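See structure below.
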Amino acid sequence: MAKLNFGGVEENVVTRDEFPLSRAQEVLASETVAVIGYGVQGPGQALNMKENGINVIVGQRKPSKSWDKAINDGWVPGETLFEIEEALSRASIFCYLLSDAAQIELWPTVKTYLTEGKALYFSHGFGVTFNHQTEIIPPENVDVFLVAPKGSGTSLRRMFLEGRGLNSSYAIYQDATGKAWERVIALGISVGSGYLFETDFKKEVYSDLTGERGSLMGAIQGLFAAQYQVLRERGHSPSEAFNETVEELTQSLMPLVAENGMDWMYANCSTTAQRGALDWWKKFKDATLPVFNELYDSVAAAK
């Protein structure tokens, strides 16, 4: 396990150099991995594992659009594609990738197939963290862990096909077999993670929900809406307001930030842009910090 230092804070990370795919294949050689649910994360994770040489089957309700999509993606009914209970009966690792609501609904069924030594895998900590509401309480004789790719299943798959990896967090909730760490890291590498950083179930779900409601979706939409409204009310055309608010950021600047970072962006823009950004970023931070604290508190209170 490697150590990365971010701003003076050391983090435990696992890279593909120190835990190569060949080791992941060895760890999972005797396992059958059932991806339960073929919606948001299911296709990307299942296809990546399959193409990385892992024994993967898909469990999905039939008939459904997701069942049809799985067939179109190359999964074969009766061989690698099954209805959910059949897939559960065949697997040693359950990748529980249904929506949060569907996980709650199906849990009584899933639990009956979780016999000693099997593993329950999540990509989101919601069901276990809020088990006082969801009633998802795994039996004590199985491994429970998560790998949470930091992006959509579509991005995970696209980056895999490009030969790149999408970074993921990992967490172990329960190690019943003594092999949970190797199992979860092997799965994380197999689904196409660039590197894996350590967390726990509660921190994963708190950060994930804060991000979705904040800078990843809710806050950015609110920021877009406010700036666009101000520009339109001050006489700017829809095209000008939209391009200065959304288009330039999403199509031009953010890809460069992703590749090179904010320091590079400052160094490669005009001095006028630098001065304006330096003058205003702290005002935006001060204005939004109370909102983000309120947001985090609401997540922690499960609201």
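Source: prediction; values computed, not measured.
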Exercise. Tell me yes or no: between the side chains of T245 and Q227, is some donor less than 3.5 Å from an acceptor?
Key: yes
message = Assess, by modelled atom type and distance only, whether the side chains of N52 and S190 contain a donor and an acceptor separated by less than 3.5 Å.
response =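 No, no side-chain donor-acceptor contact under 3.5 Å.
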TODO: Go through E18 and R23 one step at a time and tell me if the salt bridge (charged side-chain N to carboxylate O under 4.0 Å, His left out) criterion holds.
DONE: CA-CA 9 Å; E18 60 188 307; R23 184 176 173 189; over 6 Å; no
For the residue pair [X] and [Y], what are the closest heavy atoms and their distance?
X	Y	value
F145	I172	CB-CA, 4.0 Å
I104	P108	O-CD, 3.8 Å
W67	R61	CB-O, 3.5 Å

Has the side chain of [X] got a donor or acceptor atom that lies under 3.5 Å from a matching backbone atom of [Y]?
X	Y	value
N293	P290	no
D200	A171	no
T80	V76	yes
D143	A176	yes
Q103	Y96	yes
N260	L256	yes

Exactly one of V147, V14, N48 clears side-chain contact (heavy atoms from CB on, under 4.5 Å) with S193, and that residue is V147
| field | Cluster overlap V40 with V191, hydrophobic side-chain contacts below 4.5 Å | value | no
Verify the ring-centre separation between Y228 and F224: is it less than 6.0 angstrom?
no
- Query: Do E162 and R158 meet the salt-bridge criterion of a basic N to acidic O distance under 4.0 Å?
  - Reply: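 Salt bridge absent between R158 and E162.
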Next item on the list: Decide yes or no on salt bridge (charged side-chain N to carboxylate O under 4.0 Å, His left out) for K282 and D286, but give the supporting numbers first.
Entry: CA-CA 6 Å; K282 289 184 179 179; D286 292 343; over 6 Å; no
